[in-house]
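Only one structure is covered here, and it is reproduced in the block below.
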Amino acid sequence: MHAKNYVQDLLQEALGQEDLTWPDKATVEPPREEEHGDMASNAALVLASSLGRKPRDLAESLREKIAGDKYLERVEVAGPGFLNFFLKPGFWHLVLSDVFEQGESFGASDAGGGEHVLVEYVSANPTGPLHIGHGRGAAVGDSLARILRFTGHEVTTEYYVNDSGRQIQLLGQSILLRYQELLGQRTDPLPRECYQGEYIRDLARELWELRGEALLDAKEETAESQCANFGLRRMLEQIQADLREFGAGHDIWYRESGLTHGDKIGQTFDYLKERNLVYESDGALWFASSQYGDDKDRVLRKSDGELTYFAADVAYHADKFQRGYERLINVWGADHHGYAPRMNAAVRALGRSQEDLRLLLVQLVNLVRQGQYVSMSTRAGEFVTLADVCNEVGTDAARFIFLSHKSDSHLDFDLDLVKKQSMDNPVYYVQYAHARICSVFKKARDRDYPVQELETTPLQSLEANEELDLLRRLHRFPDMLQGAARTLSPHHLSFYLRDLAGAFHSYYNKYPVLIPEKDKTELCRARLALLSGIAQVLQNGLSLLGVRAPEMM
RNA sequence: GCGCCAGUAGCUCAGUAGGAUAGAGCAACGGCCUUCUAAGCCGUAGGCCGGAGGUUCAAGUCCUCCCUGGCGCGCCA
């Protein structure tokens, strides 16, 4: 039974008796202040002004019609005309049955209505290892996909692999130059535009072990492209391994090169031409993105005949829609936000609604060590990789930090802080709550407490404020997830879990669960049931964040 | 110059479709382990929600202007 629906149904019935209908702007929601009850509604406030009635009078009239319901302790009219609903403990006990019944799917819903959603995330150029900023995108994208799946969306995750073009050519060139250097054929520093990282030397060495000196004799163009292919394959393998290690697996690795093979780009051009959205000017082919709110029109094919990155991207998104996805979510580094207007324009030019593409901009991450920013640049080869960070602080800690921040706010990732096992890093706080509950159960079994069939145990004895508060929190879990899904905000889940863990720790310190007295068996069993429910929700929540729920710490 | 994002306690951040007296954690100070894990708990203190107008019964939240910081503004990718 759902508290919000339950209260809203009561209210709606009362409104019906007054020949009124539920106004759009009216809400039923848990109030911030405990004194304002379990649920509060502004319905009377919203309706009163248009009816020319006093909000408090209307509220009182509704209150009289509702009072006396089975699960209702009382209803109060408060403040300017709010209706505050106080539910009986018995109502909150019901949530535990739901938790036991649904187990690891407690919290799941069909709110998404089976909508087909494609979540594209990371999609870093395979020209170097993933760094910490990609890690943030990976955590957000992966967790968001899990949450959307859990809330009734049909989700596919995808990584767009830029496997052609200038950057890959540069990768090949960089590897070849290092290879020549390795074999004593050159000593000059690499050109500035080349990738300077140490990993390029590793790739060159590996290539030499595989192919010997064969590449020295080959034509430069051939050698370069062989280097590029080799580097691409290796980097992609490494990226895939790093992401797997990080717990973020993509369903599809979509190759940019595939777009040209099937002439998807040409088809997209034709589509836009038919709608008079492209034109030739100064020898280039332009897309009239300014018709859809972009600052200016954008080039699709340059005057030298080369296609732009954007051209491929339009075709790529057209292809996403053609593959049947109803909604696209792109997790981008915030440094790409200037790209958003043209992409939005493209979506509308493709005949889709603006809401069909949702861009989630993830701000970049500053790495901090000993109070100092660690400067990073892929090109210059100065960076700390995602794998390094995970080795140093652990993936659970790293993911939780990423997922504890609103994605569009800047994040200073303090390595020393994240390693600290305290409330500075809430991941341990939440995991500890779970481990503590497991530990209580272990002890309970050791001491032969009745831990069986908790799902049918009577719960009347759960009546302390802390206990009801915990039950209310469990009750809120499904709603919270739907909110996180709607606003694409996995961090809501992190905060929820931290608060739930906090409420539990506090409860744990105040109330003993394993009570020795024989006449308290029922209370003990009820509390064990409560703990079991909390553990389940912690598990479900942590799993959606991609963070482990350890049984002991 | 234009655009996007941010600005909330000393610090790091929440604030969920506008709701009632703005919340956590850290740091500070004072307490709690013979008893289910002290990676924990309890208490004290801390605020002109960047500033100014506006909309509303109601604004941290919506609109306009301004200030500060980050990022982006190419026939680059």
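Throughout, a chain's letter reflects where its sequence line sits, starting with A, and its residues are numbered from 1.
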Would you call [X] and [Y] a salt bridge, using N to O less than 4.0 angstrom?
| X | Y | value |
| --- | --- | --- |
| A:Arg63 | A:Glu60 | yes |
| A:Arg369 | A:Glu392 | yes |
| A:Glu280 | A:Arg301 | yes |

[X] near the nucleic acid: base, sugar-phosphate alone, or nothing, with a heavy-atom cut-off under 4.0 Å?
| X | answer |
| --- | --- |
| A:Ser303 | base |
| A:Tyr508 | base |
| A:Tyr511 | base |
| A:Lys54 | nothing |
| A:Asn125 | sugar-phosphate |
| A:Ala340 | nothing |
| A:Arg301 | nothing |
| A:Met552 | base |
| A:Ala40 | base |
| A:Gln363 | sugar-phosphate |
| A:Ser506 | sugar-phosphate |

Just to confirm, is there a sub-4.0 Å distance from OP1 or OP2 of [N] to any side-chain nitrogen or oxygen of [X]?
| X | N | result |
| --- | --- | --- |
| A:Ser41 | B:rG19 | no |
| A:His491 | B:rG15 | yes |
| A:Lys510 | B:rC36 | no |
| A:Lys302 | B:rC76 | yes |
| A:Tyr429 | B:rC41 | yes |
| A:Arg56 | B:rC57 | no |

Is the distance between the ring centroids of A:His475 and A:His2 less than 6.0 Å? yes
Mind checking the [atom1] distance from [N] to [M]? Whole angstroms is fine.
| N | M | atom1 | result |
| --- | --- | --- | --- |
| B:rC48 | B:rA9 | P | 8 Å |
| B:rG51 | B:rU8 | C1' | 14 Å |
| B:rG60 | B:rG23 | C1' | 12 Å |
| B:rG46 | B:rC26 | C1' | 13 Å |
| B:rC5 | B:rG50 | P | 16 Å |
| B:rA45 | B:rC4 | C1' | 39 Å |
| B:rC62 | B:rC49 | C1' | 16 Å |
| B:rG1 | B:rG10 | P | 32 Å |

Of all the nucleotides listed ([options]), which has the minimum atom distance to the side chain of [X]?
| X | options | result |
| --- | --- | --- |
| A:His492 | B:rC36, B:rG7, B:rU16 | B:rU16 |
| A:Tyr428 | B:rC13, B:rA20, B:rA39 | B:rA39 |
| A:His36 | B:rU12, B:rA77, B:rA20 | B:rA20 |
| A:Arg498 | B:rG25, B:rA20, B:rC75 | B:rG25 |
| A:Phe82 | B:rG15, B:rC36, B:rA20 | B:rA20 |
| A:Asn42 | B:rC75, B:rG19, B:rU12 | B:rG19 |
| A:Glu29 | B:rG19, B:rC41, B:rA77 | B:rG19 |
| A:His337 | B:rC4, B:rG74, B:rC5 | B:rC4 |
| A:Asn84 | B:rA20, B:rG72, B:rC36 | B:rA20 |
| A:Asn509 | B:rA77, B:rC41, B:rC36 | B:rC41 |

side-chain hydrogen bond (donor to acceptor under 3.5 Å, both in side chains) between A:Asp396 and A:Gln431, intermediate numbers included: CA-CA 10 Å; A:Asp396 283 346; A:Gln431 289 183 321; 3.1 Å; yes
Checking salt bridge (charged side-chain N to carboxylate O under 4.0 Å, His left out) between A:Arg527 and each of A:Glu466, A:Glu522, A:Glu467, which is the one that passes? A:Glu467
Only pairs with both distances under 3.5 Å count, Watson-Crick or wobble alike; so what is the partner of [N] in this structure?
| N | result |
| --- | --- |
| B:rG25 | B:rC11 |
| B:rG40 | B:rC32 |
| B:rU56 | none |
| B:rC73 | B:rG1 |
| B:rA6 | B:rU68 |
| B:rG46 | none |

Without decimals, in angstroms, what is the distance between [X] [atom1] and [N] [atom2]?
| X | N | atom1 | atom2 | value |
| --- | --- | --- | --- | --- |
| A:Arg342 | B:rG72 | CZ | P | 13 Å |
| A:Phe504 | B:rA39 | CZ | P | 14 Å |
| A:Leu45 | B:rG19 | CG | P | 13 Å |
| A:Tyr316 | B:rA77 | OH | C1' | 16 Å |

Just so I know, are the side chains of A:Glu551 and A:Phe441 near enough to count as touching, which here means a heavy-atom distance under 4.5 Å? no
Around atom NZ of A:Lys419, are there more than 12 heavy atoms from other residues, nucleotides or ligands closer than 6.0 Å? yes
With the six-membered base ring of B:rG72 as reference, does the ring of A:Tyr339 sit under 5.5 Å away with planes under 30° apart? no
With a 3.5 Å cut-off and heavy atoms only, can you find an N or O donor on one side and an acceptor on the other between the side chain of A:Asp499 and the base of B:rA14? no
What verdict does the side-chain hydrogen bond (donor to acceptor under 3.5 Å, both in side chains) test give for A:Gln167 and A:Tyr309, after you've listed the backbone C-alpha separation in whole Å, the side-chain angles of each residue and the deciding distance to 0.1 Å? CA-CA 11 Å; A:Gln167 298 307 315; A:Tyr309 182 89; over 6 Å; no
B:rC33, syn or anti by chi within 90 degrees of zero: syn
If you find the nucleotide of RNA chain B closest to A:Phe495 and the one closest to A:Leu514, which residue's nucleotide is nearer the 5' end? A:Phe495
Of the non-hydrogen atoms in A:Leu542 and A:Arg548, which two are nearest, and what is the gap between them? CD1-O, 3.8 Å
